[in-house]
Amino acid sequence: MSPISHLLILFFVFFSPLTVAVADQSNANNLKQESDANNEEQEFVRLDLIHRHHPEVVKRIDDEIKVDTVEDRIKDIRYHDQNRLRAISAHLNWTKVVENAEEKEKEVSGSNLSQTPIGLKIYPGADFGSGEFFVQLKVGTPPQTFTLIADTGSDLLWTKCRFRRCRGDCSHLSPMHKMRNKMRGRFRYALYANQSSSFSPIPCSSKQCIDDFPDLGGQPDCPTPNTPCSYTYSYTGGERASGIFANETVTVRLTNGKEKQLKDILFGCTEEVEVTNFMKGADGLIGLGSSIYSFVYKAAENNIGGGFSYCLADHHRNITAISYFVFGTPSPKTFSATTSSPIGPPSTTKLFTGGQYSCYYGVQLIGISVDDQILNIPRHVWNIKSGCGTILDTGTSLTMLTAPAHDAVIEAMAPKIAKFGRMEKQRNFELCFNDTEWNFGMSPKLGFHFEGGAVFEPPDRSYIVSASYQCSCIAITSLPFPSINILGNIIQQTYFWQFDLLKGSVTFAPSDCA
């Protein structure tokens, strides 16, 4: 049996930040009280994440991803990051930033809450618009295992699905319903909804369908009160998933080796899919966004804890590296026992969700240092109200800084690597150098300073990449001002990141991500 068959594949877009809107404060307080009461009995749900470049993923999508060399992988990453940027742009309403970034790319390249947390292994994979991580998840009763894209930029959990609305004479059905029944035969692998005892369609006459689901693509079609509530969920890259809403049971594996059933999870039974090649190889998508309908929030309602954490292995160093995603927030006492033990002491800063951050996870960056020297970067570059701000996004690979911040970093680093011999810029990387006499550990130290005093100092292998033969570059790209600053998944590698949605905080610490 292949390793991927054991994995709960989450497409961790790693991660655009998840913004959970806790509308009912009493619910949040109840979660916290339960968390405190069970503090000493914490076990967690862990999902393995596998990267899009992992051999098992490449094999699954018919070897269409050609990543024979590091340079090929960087080229592929740049392509997917541009698509991801479109998705973020659409959510944050700064389309012009994407257009300018794409034009610059052409110029450079010359080309056109039980306190038992749930754990998922993360395999960097392909999400809608970019796609970095896949997971496997068990859905239905009896459970079926599906390979899903993990997307922190959307909220709906859905799989390809077959649902028969009638028996015998179906002449009374609407044309749309007849078409969807015919669509059943197009999916080679799907959830057979009528055979799942836990599958419960949500009526179109329900308050949820009428008042809440329009934000999830809910449709007004309601020929009878008991007709299932339908949706057409659109993604930025032009992809579209259509089907019906239901409550369903999801089975997850805990870090203690046991399994737990999460009941009444909002589920999309997708009967029709219009997608690009980004969806190839996946059976659906798990939305890890910040709304009350995302899987993260529903996991919290099922006593898995009011938060999540992840640790991204260095897949550039080891293409078969497995990362992980954990649902739940361990107490400080059990912080190091949830997965791998952090190598260094943890640091904590404030987490921002909702509002201007949309479905992403925001942090208040206040400065950047090079070799412990704070750079002269205008304060408004970090202000979300000025159209900037900062997000942690696993769905973007590279780190992207708005022009004033990017230029300051490049200016400070350039003289420190001049001794290696500066080379022409590559693939939109402004600062490149001859690496024949260079090794990791010889680079200037980069530090990201957050509100409250926390400092994130990634190892240089997380911000320096090989771009071509004997040429390495600072893997930080520039976005026109004003635009959001994005700390991508590569720079987050080899760190443990914990998001506490109840306390509104992010804790991070160096880790081997084992």
Side-chain angles (χ1 to χ4, degrees), residues 10-20 49 51-52 77-94 97-98 101 122 124-134 149-155 235-237 278 285-291 294 296 308-312 315 323 325 349 351-365 382 384 387-402 405-406 448 450 456 458 462-463 475-479 483-493 495 497-499 501 506 508:
L10 243 114
F11 193 111
F12 206 19
V13 231
F14 250 276
F15 270 359
S16 35
L18 298 172
T19 304
V20 174
L49 300 171
H51 195 271
R52 176 166 41 84
I77 282 170
R78 289 292 302 140
Y79 173 74
H80 282 80
D81 274 0
Q82 286 300 315
N83 290 325
R84 180 63 173 179
L85 194 56
R86 291 192 195 97
I88 296 175
S89 169
H91 281 126
L92 302 182
N93 297 317
W94 37 277
V97 169
V98 178
I122 299 176
D127 79 3
F128 286 97
S130 76
E132 295 306 308
F133 298 91
F134 285 97
I149 288 169
D151 183 16
T152 53
S154 63
D155 299 307
Y235 297 86
T236 309
F278 292 115
L285 183 144
I286 180 169
L288 299 173
S290 58
S291 86
S294 77
V296 171
F308 63 93
S309 58
Y310 58 82
C311 200
L312 304 180
H315 60 269
S323 303
F325 188 93
T349 190
L351 171 67
F352 296 88
T353 59
Q356 290 174 288
Y357 288 99
S358 184
C359 58
Y360 300 97
Y361 295 99
V363 288
Q364 185 57 64
L365 194 62
W382 315 123
I384 187 68
C388 296
T390 306
I391 61 174
L392 294 166
D393 183 29
T394 55
T396 304
S397 292
L398 300 173
T399 288
M400 302 180 182
L401 300 177
T402 192
H406 170 270
F448 295 86
F450 297 105
F456 169 48
S462 293
Y463 56 86
I476 298 175
T477 61
S478 177
L479 293 176
S483 58
I484 201 87
N485 299 284
I486 304 171
L487 299 184
N489 65 59
I490 293 178
I491 208 163
Q492 295 181 53
Q493 289 176 171
Y495 263 73
W497 298 87
Q498 181 188 69
F499 295 72
L501 305 174
V506 181
F508 55 91

Residues that Tyr495 engages under ring-ring contact (aromatic ring centres under 6.0 Å, His included), provided they are two or more places apart: Phe456
Heavy-atom closest pair, residues [X] and [Y]:
{"X": "Met400", "Y": "Leu479", "result": "CB-CD1, 3.7 Å"}
{"X": "Gly287", "Y": "Ser294", "result": "O-CB, 3.8 Å"}
{"X": "Cys311", "Y": "Ser323", "result": "O-CB, 3.2 Å"}
{"X": "Val363", "Y": "Tyr357", "result": "O-OH, 4.2 Å"}

Pairwise distance [atom1]([X]) to [atom2]([Y]) - rounded to 0.5 angstrom:
{"X": "Ile476", "Y": "Leu398", "atom1": "CD1", "atom2": "CG", "result": "9.5 Å"}
{"X": "Asn485", "Y": "Ile384", "atom1": "CG", "atom2": "CD1", "result": "9.5 Å"}
{"X": "Thr399", "Y": "Tyr463", "atom1": "OG1", "atom2": "OH", "result": "11.5 Å"}
{"X": "Trp382", "Y": "Leu401", "atom1": "CH2", "atom2": "CG", "result": "6.0 Å"}
{"X": "Trp497", "Y": "Tyr310", "atom1": "CH2", "atom2": "OH", "result": "6.5 Å"}
{"X": "Thr396", "Y": "Ile491", "atom1": "OG1", "atom2": "CD1", "result": "12.5 Å"}

Please assess Leu392 against Phe499 for the test side-chain contact (heavy atoms from CB on, under 4.5 Å), listing each intermediate value before the final yes or no. CA-CA 11 Å; Leu392 294 166; Phe499 295 72; 3.9 Å; yes
List the steps, then state whether side-chain contact (heavy atoms from CB on, under 4.5 Å) holds for Thr349 with Gln364. CA-CA 8 Å; Thr349 190; Gln364 185 57 64; 5.6 Å; no
